[in-house]
Amino acid sequence: MRTFVHLNARSVDEAVEALVSYNGRARLNAGGTDLFGLLKDEFLPEYPEAIVNIKTITGLDQIWTDEGVLRIGALARLVDLANSPLLRERYGALAEAAHSVASPQLRNVATIGGNICQDVRCCYYRYPRHLGGPINCARKGNGPCLAVKGDNRQHAIMEGRRCFAVCPSDTAVALALYDAQLVVVGPAGERRIGIGEFYTPLGNVLNGNELVREIEIPALTGPCRQTFHKFTLRKPIDFAIVSVATAVSVSDGVCSDARIAVGAVAPGIHRAMAAEEFLLGRPLNEDSAAQAGELAVTGARPLSRNGYKVEIARTLVARALLGKRAGAGVMSEEVRTSQEEGRPGCDIHGHGGHGAG
């Protein structure tokens with residue numbers, strides 16, 4: 001890596017001041033599991049002048065409730081979310097999503113803030129300098145999305161515009177179930193951003209001088225069965241090919257509430273609203289779950305090499321709603337062969353298998 005100035009922030013305000021002082025030429029470091037790969041491969045046109053370490057800010061790693069609202073500090077480690085008795089009892093989908101990320105070694109240092117804010121894994125965007133990069137693309141502000149006519153097996157099948165890279169965060173998929181909000185702090189003060197509005201086709205909505213301080217999850221209104229399913233080829237360390245989080249309440253034999261979030265199919269988190277509305281007032285069985293799976297991919301427009309994701313998404317939604325195991329048999333042999341024509345994720349420089357943030 002090149003040299004850079006390393007700053008230890010002692011408060012959120014101090015971290016923001018450091019970002020402002022470097023005027024877009026500084027990067028935050030929490031767990032570092034995404035950042036240091038970024039620095040080593042130098043895939044961005046400009047190398048940061050400073051790294052602002054926020055692990056030195058006390059209190060940002062807490063998980064607590066306040067008048068029924070669940071609050072999670074941005075520095076809470078994924079291992080702590082996965083093992084939290086509170087989350088496992090009441091927010092099971094989030095605990096499972098945290099547990100699904102990467103490997104135990106990475107979960108021990110990776111943070112939920114980093115997992116939410118990590119950069120996309122597109123092989124064109126992340127083409128390393130030592131192999132001839134970086135490559136300009138739409139996401140870097142100069143050029144088309146190269147995946148549209150290139151290797152797009154891991155890219156968006158819906159909601160893509162200009163850039164078709166997908167959101168890689170597992171925890172964000174679960175947070176979408178709860179309509180979580182991110183508390184963001186910058187030089188103008190703090191603001192709250194819904195997790196569904198946090199991502200855009202060209203990145204997240206943070207400006208260069210802001211950071212996520214904590215996550216707020218509104219109080220749950222009643223009991224519900226929650227699931228998180230993640231389909232990958234290599235377990236456990238791969239990024240999701242498709243992931244699904246569901247929360248379902250059943251009263252008197254019929255569905256009284258349903259929430260379905262799908263990950264790795266869009267630049268943000270896809271809420272399957274049509275499928276949710278369909279399930280209301282219906283018995284939750286094999287037939288209704290299958291129909292919900294079909295509705296969850298309504299409007300999908302796959303690229304030339306990622307149509308297999310449509311089948312995985314619809315099947316994973318149905319299995320999640322029924323509480324079935326996620327992995328085996330989701331893909332037909334024809335689709336599996338198509339997906340496995342090359343290395344999963346078109347990640348030619350060896351970073352396809354982890355990334356917790």
Side-chain angles (χ1 to χ4, degrees), residues 1-57 60-61 74-75 77 102 106 109-143 163 165 167-169 172 182 184-188 193 198-213 239 267 347-352 354-357:
M1 292 188 293
R2 302 188 205 177
T3 58
F4 51 79
V5 176
H6 186 267
L7 304 172
N8 288 323
R10 300 297 175 181
S11 68
V12 171
D13 289 342
E14 190 175 316
V16 171
E17 290 173 3
L19 293 174
V20 171
S21 68
Y22 279 91
N23 193 27
R25 301 185 304 277
R27 291 263 178 165
L28 295 174
N29 177 41
T33 59
D34 183 35
L35 174 66
F36 288 103
L38 179 159
L39 297 180
K40 288 178 181 178
D41 284 327
E42 298 186 38
F43 65 80
L44 295 177
E46 296 183 0
Y47 202 88
E49 292 183 15
I51 300 300
V52 182
N53 176 31
I54 60 174
K55 294 192 297 293
T56 45
I57 302 176
L60 283 191
D61 59 349
L75 293 182
R77 299 180 305 160
L106 288 168
V109 295
T111 66
I112 187 170
N115 188 260
I116 292 168
C117 295
Q118 67 179 301
D119 223 334
V120 295
R121 317 305 297 189
C122 171
C123 58
Y124 298 104
Y125 179 73
R126 285 185 177 255
Y127 200 90
R129 190 175 295 272
H130 70 268
L131 292 179
I135 295 177
N136 288 325
C137 65
R139 197 177 188 88
K140 293 178 182 177
N142 182 17
C163 173
C167 172
S169 173
L182 309 182
V184 172
V185 180
I193 306 169
F198 186 65
Y199 302 102
T200 78
L202 294 178
N204 63 53
V205 299
L206 294 178
N207 66 47
N209 298 326
E210 292 182 315
L211 61 84
V212 176
R213 188 184 70 201
F239 288 94
D347 198 334
I348 49 89
H349 58 287
H351 285 245
H354 65 265

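The structure presented is a predicted model; accordingly, all values stated were derived computationally and were not measured.
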Looking at every heavy atom in both [X] and [Y], which two are closest together, and how far apart are they?
{"X": "G186", "Y": "V16", "answer": "C-CG1, 3.7 Å"}
{"X": "N204", "Y": "C117", "answer": "ND2-O, 4.1 Å"}
{"X": "L106", "Y": "A102", "answer": "CD1-CB, 3.4 Å"}
{"X": "I57", "Y": "A15", "answer": "CD1-CB, 4.3 Å"}
{"X": "N209", "Y": "P187", "answer": "O-CD, 3.4 Å"}
{"X": "K140", "Y": "P45", "answer": "CD-CD, 4.1 Å"}

Check salt bridge (charged side-chain N to carboxylate O under 4.0 Å, His left out) between R25 and all other residues, then give those that pass, not counting sequence neighbours.
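By the salt bridge (charged side-chain N to carboxylate O under 4.0 Å, His left out) rule, R25 matches E49.
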Sub-4.5 Å side-chain heavy-atom contact between [X] and [Y]:
{"X": "D61", "Y": "R77", "answer": "no"}
{"X": "Y199", "Y": "S169", "answer": "yes"}
{"X": "Y22", "Y": "V52", "answer": "no"}
{"X": "R139", "Y": "C122", "answer": "no"}
{"X": "H130", "Y": "D41", "answer": "yes"}
{"X": "E42", "Y": "P134", "answer": "no"}

side-chain contact (heavy atoms from CB on, under 4.5 Å) for E210 and L28? Distances and angles first, verdict last.
CA-CA 10 Å; E210 292 182 315; L28 295 174; over 6 Å; no
Between N53 and H6, does a side-chain contact (heavy atoms from CB on, under 4.5 Å) hold up when you go through it step by step?
CA-CA 7 Å; N53 176 31; H6 186 267; 3.7 Å; yes
After noting the C-alpha distance and the side-chain angles of I116 and L182, does the key distance pass the side-chain contact (heavy atoms from CB on, under 4.5 Å) rule?
CA-CA 10 Å; I116 292 168; L182 309 182; 4.1 Å; yes
Without swapping roles, check the side chain of R2 against the backbone of P48 for a donor-acceptor pair under 3.5 Å.
no
Does D34 offer a backbone N or O that forms a donor-acceptor pair with the side chain of D119 under 3.5 Å?
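Side chain of D119 to backbone of D34: no pair is present.
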Rounded to the nearest 0.5 Å, what's the gap from [atom1] on [X] to [atom2] on [Y]? Could you check?
{"X": "R27", "Y": "F36", "atom1": "CZ", "atom2": "CZ", "answer": "12.0 Å"}
{"X": "L44", "Y": "L39", "atom1": "CG", "atom2": "CG", "answer": "9.0 Å"}
{"X": "T111", "Y": "I54", "atom1": "OG1", "atom2": "CD1", "answer": "6.5 Å"}
{"X": "T56", "Y": "E14", "atom1": "OG1", "atom2": "CD", "answer": "7.5 Å"}
{"X": "Q118", "Y": "T33", "atom1": "CD", "atom2": "OG1", "answer": "7.0 Å"}
{"X": "R213", "Y": "L60", "atom1": "CZ", "atom2": "CG", "answer": "8.0 Å"}

Heavy atoms of other groups near K40 NZ, more than 12 under 6.0 Å:
no
Among Y125, Y127, Y124, the one residue meeting ring-ring contact (aromatic ring centres under 6.0 Å, His included) with F43
Y125
